[in-house]
S.K.: 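Starting off with a structure, shown below.
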Amino acid sequence: MAARGLGLLTSLPLRAQRSQVQRPLRRLLSCPGTVAAALGTEEQSSGSAETGSEDGAPKKRFSEVQKERREQAQRTVLIHCPNKISEKKFLKYLSQHGSINNHFFYESFGLYAVVEFSQKESVASLQKVTRTPSLGTEAAIPFRSRYFNLKLKTPLNQTSEQSSIQCRNQSSPSSKKLFELLCCAESVDDQLNTLLREFQLTEENTKLRYLTCSLIEDVAAAYFPDCTVRPFGSSVNSFGKLGCDLDMFLDLDEIEKFGTHKASGNFLMEFQVKNVPSERIATQKILSVIGECLEHFGPGCVGVQKILNARCPLVRFSHQASGFQCDLTANNRIALKSSELLYIYGALDSRVRALVFSIRCWARAHSLTSSIPGAWITNFSLTVMVIFFLQRRSPPILPTLDYLKTLADAEDKCLIEGHNCTFVRDFNRIKPSGNAETLELLLKEFFEYFGNFAFNKNSINIRQGREQNKPESSPLHIQNPFETSLNISKNVSQSQLQKFIDLARESAWILHQEDKDRLSPSNNQPWGLAALLLPSVANSMSLAKKKKKTSSERIKNLLESIKSSSTENSTATNG
């Protein structure tokens, strides 16, 4: 996962009470090594380029981005290459089938190339000259996909002309590099924006995600020729981190709409279909078959698990070539709508994504979130909490969902499974916020706000942007934006919520102490966001107390054992 390297921060020295932190003006050029200097030259584009939230460019609608990415993926192929290859000859060979828009290499269980052609016909041309491999004693299952394996006929001739292949990084920075960058930043605002640049999905990683969905669609199309496999969640909502899972859903709605307007005269033609008792059973059967196909016929798909009895049935698998852990659901249109809503919120103000990424990183560093399902707070819940907090500012930084609904026109009307999912999709109709608060202030006051939030009686609701009485007794209640009867944080336990509250209060205290010590002499200690990622003082004291208690109990048990043994010996002697 994107934040898994943060564990190394625990080896850094912990300050006494973490109060004597100073923050002088730091110049990136004065940082040790060249890590910080590399920031200006590293190519790190992401969803912000599509939304235009950073550079003031026109913001693209979510549907426009999805359409462009999908068409781009259909013109793209994935090729497993030999470790030693001439990039020039490789591209010249592929150019026989048509002009190439762009390409990049990356490593994941070997060297891979992602090649985007200008025309979709070039892919078909390449497939025509591709053969099914001969495996000798084993048999290959023939499958014409866009995932190829390249072999060299004369490896020795290639070796002398091979060029140095530049692989694009598909993983988050190491904790050491991240810590250097944060400590060398000029301000807390700069720290938050640095973390965003380092952890956000790159352009190449985004392309690879859409291509992976397109390759899975090729498998599903064997049964459902007009189906679509769409990514949703972190991969598309602009809050995805490098290394995050790839959520996708099998969209069969287009098949159902096909032919609805082709009836003529007095006749109506219908397909013969199988009938099942409910839509859920239909979804389970469809996913069961697709899961079997992926396991037996899907190139690069390993570890397939069919989790069909979950509230939302899914097929989980690893796509070995891309390195993504994938979850495939069916007709999960509300989840896609939620992704679009987060995309809009992330594009409305450049501070939103920086704050969300930092809060998520902070939560992961203190084990408030986990990749393993359980009683932890999820990243989605944290994101909604940040949105809610920004709605509560004066003036608000983000509008409520109900307000976005009032701006919608007839084109935006959307009803999914009886749930009203309507909101404006045109950015030009949303008035920018007049709030000019710094990221440093927002970070500090986020911790203050939720460190003193009345979780015992109030719920979080971004539809109205205000606190409401909890409709149930769950420790943490966050209303689902569209399925309003659902609590997206129902899994969170009281102990985990209390841990979040304690850490939020401590983090707010640390940032307040830094304000007091701003002008003190430098002592080369971690500061700002870097200080918040260090092990918690409260946790350290709790752990020390626990160890002390354990030692005391061991000594007590040992003494009782000696006493008991002495009594037994005395009784035996007297006897």
Side-chain angles (χ1 to χ4, degrees), residues 47 51 53 61-63 65-66 230-240 247 249 311-312 327 329 331-349 352-353 355-356 359-360 369 377-393 396-409 411-427 429-430 433 446 449-450 453 455 458-472 474 476-492:
T51 62
S53 60
R61 290 191 182 193
F62 184 77
S63 56
V65 174
Q66 291 273 301
R230 303 183 187 278
F232 70 93
S234 296
S235 296
V236 298
N237 63 19
S238 79
F239 295 103
D247 296 312
F249 79 94
R311 190 181 76 84
C312 183
D327 284 351
T329 57
N331 282 356
N332 198 358
R333 301 192 67 80
I334 287 185
L336 185 65
K337 206 65 182 175
S338 297
S339 302
E340 183 175 9
L341 179 64
L342 294 188
Y343 172 87
I344 289 174
Y345 278 133
L348 287 178
D349 193 290
V352 179
R353 295 176 66 239
L355 191 60
V356 168
I359 294 298
R360 284 184 174 187
T369 57
I377 299 175
T378 64
N379 280 331
F380 180 51
S381 293
L382 285 173
T383 304
V384 173
M385 291 172 78
V386 173
I387 291 171
F388 180 77
F389 165 74
L390 296 176
Q391 290 174 339
R392 302 286 296 164
R393 304 306 293 165
I397 293 176
L398 292 178
T400 65
L401 178 53
D402 280 349
Y403 177 72
L404 294 180
K405 182 181 174 183
T406 64
L407 300 178
D409 58 17
E411 182 190 7
D412 298 319
K413 298 293 181 184
C414 180
L415 192 68
I416 303 175
E417 299 172 6
H419 303 286
N420 193 334
C421 302
T422 301
F423 55 84
V424 65
R425 294 179 291 169
D426 185 357
F427 289 102
R429 297 210 298 270
I430 307 174
S433 169
F446 172 88
Y449 181 77
F450 284 110
F453 189 85
F455 289 106
N458 290 335
S459 69
I460 295 167
N461 178 0
I462 65 171
R463 287 202 75 92
Q464 299 178 2
R466 60 187 177 88
E467 302 166 11
Q468 291 183 314
N469 290 332
K470 283 201 298 186
E472 59 177 47
S474 298
L476 175 61
H477 190 280
I478 303 176
Q479 187 188 72
N480 188 299
F482 300 119
E483 298 177 271
T484 54
S485 62
L486 296 180
N487 174 12
I488 66 173
S489 57
K490 194 176 181 68
N491 63 300
V492 180

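As the structure is a prediction and not an experimental result, all values here were calculated from the model.
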S.K.: Go through the steps for Asn480 and His419 under the test side chain to side chain contact (heavy atoms under 4.5 Å, CB included), then give the verdict.
M.R.: CA-CA 11 Å; Asn480 188 299; His419 303 286; over 6 Å; no
S.K.: Considering non-hydrogen atoms only, spot the tightest contact between Lys413 and Thr422 and give its length.
M.R.: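 Minimum heavy-atom separation between Lys413 and Thr422: CA-OG1, 3.6 Å.
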S.K.: Taking all heavy atoms of Ser459 and all of Lys470, pick out the closest pair and write down the distance.
M.R.: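 Here Ser459 and Lys470 meet closest at N-CG, 3.8 Å.
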S.K.: Taking side chain to side chain donor-acceptor pair (under 3.5 Å) as the definition, give me every residue that meets it alongside Glu417, ordered by chain and number, with sequence neighbours left out.
M.R.: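 Scan of Glu417 (side chain to side chain donor-acceptor pair (under 3.5 Å), adjacent residues dropped) gives none.
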S.K.: Counting N and O atoms only, with roles assigned by atom type, does the side chain of Ser234 sit under 3.5 Å from a partner on the main chain of Gly240, one being a donor and the other an acceptor?
M.R.: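 No, because the side chain of Ser234 does not come within donor-acceptor range (under 3.5 Å) of the backbone of Gly240.
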S.K.: Could you tell me whether the side chain of Arg463 and the main chain of Pro481 form a donor-acceptor pair under 3.5 Å?
M.R.: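 Between the backbone of Pro481 and the side chain of Arg463 there is a qualifying donor-acceptor contact (under 3.5 Å).
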S.K.: Charged N to carboxylate O under 4.0 angstrom, Glu411 versus Arg61?
M.R.: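 Between Arg61 and Glu411 there is a salt bridge, with a charged N closer than 4.0 Å to a carboxylate O.
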S.K.: Distance from Ile462 atom CD1 to Gln479 atom CD, nearest 0.5 Å?
M.R.: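 The CD atom of Gln479 is 9.0 Å from CD1 of Ile462, to the nearest 0.5 Å.
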S.K.: Any side-chain heavy-atom pair from Val352 and Phe239 closer than 4.5 angstrom?
M.R.: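 They are in side-chain contact.
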S.K.: Quick one, Asn237 and Phe380 - any side-chain contact, counting heavy atoms below 4.5 Å?
M.R.: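 No, every pair of side-chain atoms sits at 4.5 Å or beyond.
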S.K.: Indicate yes or no: at least one non-hydrogen side-chain atom of Arg360 is less than 4.5 angstrom from one of Thr369.
M.R.: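 A side-chain contact is absent here, since even the closest heavy-atom pair is not under 4.5 Å.
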S.K.: Of the non-hydrogen atoms in Gln391 and Pro396, which two are nearest, and what is the gap between them?
M.R.: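 Closest pair (atom of Gln391, atom of Pro396, distance): O-CB, 3.6 Å.
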S.K.: Could you check whether Asp402 and Thr400, counting side-chain N and O atoms only, form a donor-acceptor pair closer than 3.5 Å?
M.R.: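 Their side chains do not contain a donor-acceptor pair, so the 3.5 Å distance test is not met.
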S.K.: Got a second to check how far Leu355's CG is from Thr383's OG1, nearest 0.5 Å?
M.R.: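 Result: 10.0 Å between the selected atoms.
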S.K.: Show your working on side chain to side chain contact (heavy atoms under 4.5 Å, CB included) between Asp247 and Asn332 and close with a plain yes or no.
M.R.: CA-CA 10 Å; Asp247 296 312; Asn332 198 358; over 6 Å; no
S.K.: Just wondering, do Glu472 and Lys490 contact through their side chains at under 4.5 Å, heavy atoms?
M.R.: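 A side-chain contact exists here, since the closest heavy-atom pair is under 4.5 Å.
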S.K.: Mind checking the CG-CG spacing from Leu476 to Asn491? Nearest 0.5 Å is all I need.
M.R.: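 Here the interatomic distance stands at 8.5 Å.
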S.K.: Provide the closest heavy-atom pair for Phe232 versus Thr329 in the form atom of the first, atom of the second, distance.
M.R.: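 Where Phe232 meets Thr329 most closely, the heavy atoms are CE2-OG1, 3.9 Å.
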S.K.: Return the minimal non-hydrogen interatomic distance between Leu401 and Tyr345, and the atom names on each side.
M.R.: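 Of all heavy-atom pairs spanning Leu401 and Tyr345, the closest is N-OH, 3.4 Å.
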S.K.: Decide yes or no for Phe388 and Glu467: does some side-chain heavy atom of the first lie under 4.5 Å from some side-chain heavy atom of the second?
M.R.: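 Of all side-chain heavy-atom pairs linking Glu467 with Phe388, at least one is under 4.5 Å.
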S.K.: Check whether any side-chain heavy atom of Ile460 sits under 4.5 Å from a side-chain heavy atom of Phe450, and report yes or no.
M.R.: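 Yes, their side chains come closer than 4.5 Å.
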S.K.: Using a 3.5 Å distance criterion without hydrogens, assess whether the side chain of Asn487 forms a donor-acceptor pair with backbone atoms of Ile478.
M.R.: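 Yes.
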S.K.: Can you find a heavy atom in the side chain of Asp409 that is under 4.5 Å from one in the side chain of Asp426?
M.R.: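 Asp409 does not reach Asp426 side chain to side chain.
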S.K.: Mind checking the CG-CZ spacing from Leu342 to Arg353? Nearest 0.5 Å is all I need.
M.R.: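 It is 12.0 Å, given to the nearest 0.5 Å.
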S.K.: Counting C-beta onward and ignoring hydrogens, is there a side-chain heavy-atom pair between Phe389 and Met385 closer than 4.5 Å?
M.R.: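 Counting from C-beta outward, Phe389 and Met385 never come under 4.5 Å.
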S.K.: What's the spacing between Ile334 CD1 and Cys421 SG if we round to 0.5 Å?
M.R.: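 Reported to 0.5 Å precision, the distance equals 5.0 Å.
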S.K.: Which value, rounded to the nearest 0.5 Å, describes the distance between Arg333 atom CZ and Phe482 atom CZ?
M.R.: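 It is 13.0 Å, given to the nearest 0.5 Å.
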S.K.: What is the minimum heavy-atom distance between Ile344 and Phe423, and which atoms define it?
M.R.: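 Nearest heavy atoms, Ile344 then Phe423: CD1-CE1, 3.4 Å.
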S.K.: Tell me every residue that passes side chain to side chain donor-acceptor pair (under 3.5 Å) with Thr378, counting only those two or more places apart in sequence or in another chain.
M.R.: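 Once residues adjacent in sequence are excluded, the partners of Thr378 under the side chain to side chain donor-acceptor pair (under 3.5 Å) criterion are Ser381.
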